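To start, the structure itself, in structure tokens.
Keep in mind the model is a prediction, meaning the values are calculated, not measured. Proteins come first, then strands; the chains are lettered A, B, ... in the order of their sequence lines, and each starts at number 1.
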Amino acid sequence: MSTAMNFSSKTFTPRPPDKGAFPLDHLGECSAFKEQFMECLRHSGYESAACRQRAMAYLECRMDRQLMANEPLEKLGFKDLINEKSEEKPEK
Amino acid sequence: VVPGETALAFYKAKNPTDKPIIGISTYNVIPFEAGQYFNKIQCFCFEEQRLNPQEEVDMPVFFYIDPDFVEDPKMAKVDLITLSYTFFEAKEGQKLPLPGYQ
């Protein structure tokens with residue numbers, strides 16, 4: 001690794017992802033969700049915050065199909081969206 | 001992307017050959033100093049991934065930018081962070097130089 005002369009700041013080391021790797025979606029099971037998300041991004045001028053609902057739907061798709069470890073959505077940063085969802089639809 | 005908010009990004013990879021390839025990827029963040037604020041929750045990287053002949057797959061990355069980013073005066077002028085991945089063909093016994101990751 002290159003040496004950093006400043007001791008006060010953190011040095012950059014490639015880090016593995018917190019929750020591990022996504023298996024590949026070979027069968028394209030969640031491609032439709034991905035397409036919806038990408039379309040939302042295009043319409044919103046690539047503003048990530050505007051498309052979080054669709055991002056959440058994509059991750060839910062993965063979890064339903066064993067393409068991602070099940071994790072409560074609140075822990076993935078979607079807490080505010082979950083509260084909205086449960087207000088709108090009492091049953092899923 | 002708002003620091004502290006989780007975000008999703010997609011890359012696409014294609015194997016243009018007619019035999020399966022096992023690949024492994026590593027990443028890079030530009031500007032270099034922004035890398036410390038880049039937190040990956042989940043991605044396709046660091047593990048071997050198999051791509052079948054002619055297969056094209058979407059590769060997602062789920063991440064967030066550490067909210068401390070906004071406190072760092074060195075980052076004040078940074079409004080664009082670029083994340084890039086390089087896919088290598090995995091060779092037997094080859095280890096990517098990833099200190100601290102086994």
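- A continuous path of Ile, Leu, Val, Met, Phe, Trp and Tyr side chains, each step under 4.5 Å between heavy atoms, connects B:M75 with B:V29, placing both in one hydrophobic cluster.
- One hydrophobic cluster, built from ILVMFWY side chains closer than 4.5 Å, cannot hold both A:L73 and B:V2; they sit in different ones.
- Neither the backbone nor the side chain of B:F63 comes within contact range of chain A; no heavy atoms are under 4.5 Å apart.
- When all heavy atoms are compared, the tightest approach of A:D25 to B:V57 is O-CG1, 4.0 Å.
- With values rounded to the nearest 0.5 angstrom, A:D18 atom CG is found 5.5 Å from B:Y64 atom OH.
- Of residues 31-38 of chain A, those residues with a non-hydrogen atom less than 4.5 Å from any non-hydrogen atom of chain B are, in numerical order, A:S31, A:K34, A:F37, A:M38.
- Interatomic distance, B:D58 CG to A:H26 NE2, rounded to the nearest 0.5 Å: 12.0 Å.
- Residues B:Y27 and B:V78 share a single hydrophobic cluster, defined by chaining ILVMFWY side chains whose heavy atoms lie under 4.5 Å apart.
- Interface remark: A:Y58 contributes side-chain atoms only to the contact with chain B (heavy atom separation under 4.5 Å).
- The CE atom of A:M68 sits 6.0 Å away from the CZ atom of B:F62 when rounded to the nearest 0.5 Å.
- For residues 5-17 of chain B, a heavy-atom distance under 4.5 Å to chain A picks out B:E5, B:T6, B:A7, B:L8, B:F10, B:K12, given by residue number.
- There is no contact between A:R54 and chain B, counting heavy-atom distances below 4.5 Å.
- Ranked by heavy-atom pairs under 4.5 Å with chain A, the list B:E33, B:E56, B:E55 is led by B:E55.
- Among the candidates B:M59, B:Q49, B:Q42, the single residue satisfying the side-chain contact (heavy atoms from CB on, under 4.5 Å) test with A:F22 is B:Q42.
- If you take CG on A:L24 and CZ on B:F44, they are separated by 9.0 Å, rounding to the nearest 0.5 Å.
- Both B:V1 and B:I81 belong to a common hydrophobic cluster when Ile, Leu, Val, Met, Phe, Trp and Tyr are linked at side-chain heavy-atom distances under 4.5 angstrom.
- Hydrophobic cluster membership is shared by A:L76 and A:I82, with clusters built from Ile, Leu, Val, Met, Phe, Trp and Tyr side chains linked at under 4.5 angstrom.
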